[in-house]
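Notes follow the structure.
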Amino acid sequence: MRIVGVPDLSGMPKDGIAESLPVFQYLVGKYKRIRDFDEYGCAEFSFIMHHTNGDRGWHSVCVEPFLLHVPKRRSNPEAHWTSTLSI
């Protein structure tokens with residue numbers, strides 16, 4: 001699943017936004033596997049985020065469905081591998 005946007009965090013306190021916004025910004029454009037769905041229908045993701053200071057942190061977030069993109073499957077996946085191998 002590809003995350004294509006950042007949720008509206010305006011209802012959070014400022015310190016919550018400061019902590020959560022960089023995590024959501026990190027996810028935009030990335031493909032992650034859905035771990036589960038919460039009671040509101042949001043997709044749950046868990047992942048390790050590498051910080052600019054060299055630290056790594058384990059994060060879990062829920063993302064609304066409208067911020068997700070399901071990649072299309074190839075109609076003939078063997079055609080891709082055949083053309084790739086012949087190069």
If I take atom [atom1] from residue [X] and atom [atom2] from residue [Y], how far apart are they, to the nearest 0.5 angstrom?
X: Tyr31; Y: Leu68; atom1: OH; atom2: CG; answer: 12.0 Å
X: Leu21; Y: Lys14; atom1: CG; atom2: NZ; answer: 13.5 Å
X: His69; Y: Lys72; atom1: NE2; atom2: NZ; answer: 7.0 Å
X: Cys42; Y: Ile34; atom1: SG; atom2: CD1; answer: 10.5 Å
X: Lys30; Y: Arg2; atom1: NZ; atom2: CZ; answer: 10.5 Å

Tell me the closest heavy-atom pair linking Ser46 and Trp58, and the distance in Å.
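Heavy atoms only, the tightest pair is CB-CZ2, 3.7 Å.
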Tyr26 to His50 - nearest heavy-atom pair and separation
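Nearest pair, atom of Tyr26 first, then His50: OH-N, 4.4 Å.
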Heavy atoms, side chains only, cut-off 4.5 Å: are [X] and [Y] in contact?
X: Phe66; Y: Val4; value: no
X: Cys62; Y: Asp38; value: yes
X: Met1; Y: Phe45; value: yes

Please say which of Leu27, Val28, Leu67 ends up in a side chain to side chain contact (heavy atoms under 4.5 Å, CB included) with Val6.
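Of the listed options, the one satisfying the test is Val28.
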Among Arg33, Lys32, Arg35, the one residue meeting salt bridge (charged side-chain N to carboxylate O under 4.0 Å, His left out) with Glu44
Arg35
Walk me through it: do Leu9 and Phe24 pass the test side chain to side chain contact (heavy atoms under 4.5 Å, CB included)?
CA-CA 10 Å; Leu9 305 176; Phe24 284 111; 4.1 Å; yes
What pairs with Glu19 under side-chain hydrogen bond (donor to acceptor under 3.5 Å, both in side chains), at least two apart in sequence or on another chain?
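For Glu19 there are no side-chain hydrogen bond (donor to acceptor under 3.5 Å, both in side chains) partners, ignoring immediate neighbours.
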